Every structure is written in C-alpha cells, then in structure tokens.
Amino acid sequence: MPEILIAPSILNSDYAFLGHTIRRLEDGGADILHFDIMDGHFVPDISIGIPTIKSLRKFSKLFFDVHLMISRPLFYAEKCIAAGADRLTFHVEAEDDPREVIDEIRRLGCGAGLAVKPETPASAVFPYLDSLEQVLVMTVEPGMGGQSFMPDMLPKIAELRKKAPSLNIQVDGGINAQTALFAREAGANILVAGTAILNSADFGESIKSIRGKM
Ligand code: DX5
Ligand code: ZN
C-alpha cells in the first residue's frame, strides 16, 4: 500500500485568516492541502474558486490537491491547473465521458483523480484506474464539512484496494482519529480531514492522530 498522507481540507476555515491557517497546517506536518471547489449546481453550496488557488500558490509550497464538486469539470480543468493545482479530482458522476476529462488533465501535465459519491459503486472507476493518480471515496454526501463518516463505505475502499494495490485511495468526509483508523485498515492511504483538524487546538497533534502515529 502507498504511503499514508494527511490532506487537511480548508473548506471550514475562517477565511479572514486563511494564510495563517495554512502556515499552521504546514508547521503541523500536513502533507497535502485539499481544496474543495463547489459550484452550487453539482452540490448545493458555493465555496472557493480559481482565484483562491492562484493566490495561495504563491504562498505555499505544499502539494495542492483540488477536489472539484462541480458540473462541467472539463470546462474548468485548464483554469484550475493554470492556477496551480498539482492534482485535479473530479466526480465520475459529473461528466458523460470521464475519459475525456482525464486525458485533458494529463495532457496539461497534471495528475488526475476520480471521486465517487456514496451511492456510486467502485466499479464506476474501474475502466480508468490505469490513468489515475488517485480515487477519492466520499465517506459523506459531498457538499459540506462536519458531517458524520459513513462506515458502509469501508467495503468500497477495500474493494478498490484489492483491485489496485499501488493506487492512492483518498477518503474524504467525517475523518477523525477514530474513523481514520477504520479507513486505513480498509486500505485508504490519503486521509482528508477538515473540521477534525481545523477545530482542534493543536493541528500537529490532530494530524498525528489521524496518521495513526502519536
Ligand atoms: C465535503 C468536502 C470535504 C470536507 C470535509 O464535501 O469534500 O473535503 O471539507 O470536511 P470534514 O472533514 O469536516 O468532513
Ligand atoms: Zn473534499
């Protein structure tokens, strides 16, 4: 299984202090920064967008993992990559032809990921596994932070890990020290966590607890 990596999501941060929060995440040992872009169409809410990525790109050297919860990812891929995304993950449910989007992302020199909503089976991404840097298994309904982890997603993680032993499997939604343990045991290696880290007093300690090394 690939290395365990922790990817804090800044979705629920206080945006007046975003730069400060990112420095604290860097100092706390975050491996990756996870950005959630929402369009008010694929999911009900609207969050940050391309200008935010662009400004932060000059500010942080961390790996930028961009999670597109949007319709028409093909249309936005180039702008997101130009803004500084290191990896672009879109939802398999969002486009009729995921292959076209993956090819475009890779043509632009970026890593591609595919995300699956809770009701979408793992088999939806099977045809694309050889072209992907990661599969993102949503462990809540996409659209907001602070929801409870859905344990019935664990077999989906295990199924993907069996099918692709060296692939990055990312989990996103309701991850804390306890649920991270279940997700790691099922085979996930990239753990996204928003509120569990941002609401903690010591980012370094909460990152360590999610990594499973105290
Ligand atoms: C939710 C987003 C997540 C969110 C996770 O749709 O994709 O990345 O920020 O937040 P928590 O960890 O609080 O569930
Ligand atoms: Zn996310």
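Counting starts at 1 for both ligands and their atoms, following the listed order. From a predicted model like this one, the values you see are computed outputs, not experimental measurements. Worth knowing before you read on, the calculation uses all heavy atoms, side chains too, and leaves out hydrogens, waters and symmetry mates.
- Of all the N, O or S atoms in H67, the one closest to the Zn ion (ligand 2) is ND1.
- In terms of the ring-ring contact (aromatic ring centres under 6.0 Å, His included) criterion, residue partners of F64 (sequence neighbours excluded) are, by chain and number, F35.
- Nearest to the Zn ion (ligand 2), among the N, O or S atoms that D36 has, is OD1.
- In this structure, R23 forms no cation-pi arrangement with F203, as its terminal cationic atom is not both closer than 6.0 Å to the ring centre and no more than 45° off the ring axis.
- Side chains of D65 and H67: no donor on one and acceptor on the other come within 3.5 Å.
- With hydrogens and angles left out, the side-chain atoms of S200 and E205 include no donor and acceptor closer than 3.5 Å.
- Listed as neighbours of ligand 1 are S9, L11, H34, D36, H67, M69, M138, P142, G143, M144, G145, G146, D172, G173, G174, V192, A193, G194, T195, each bearing a heavy atom under 4.0 Å from the ligand.
- Between D39 and R72 there is no salt bridge, since no side-chain N of the basic residue sits under 4.0 Å from a carboxylate O of the acidic one.
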Could you please spell out the steps behind the side-chain hydrogen bond (donor to acceptor under 3.5 Å, both in side chains) verdict for S9 and D36? CA-CA 7 Å; S9 157; D36 292 294; 2.7 Å; yes
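- Expressed to the nearest 10°, the angle at the Zn ion (ligand 2) joining NE2 in H34 with OD2 in D172 is 100°.
- Between R107 and E104 a salt bridge is recorded (basic side-chain N to carboxylate O distance below 4.0 Å).
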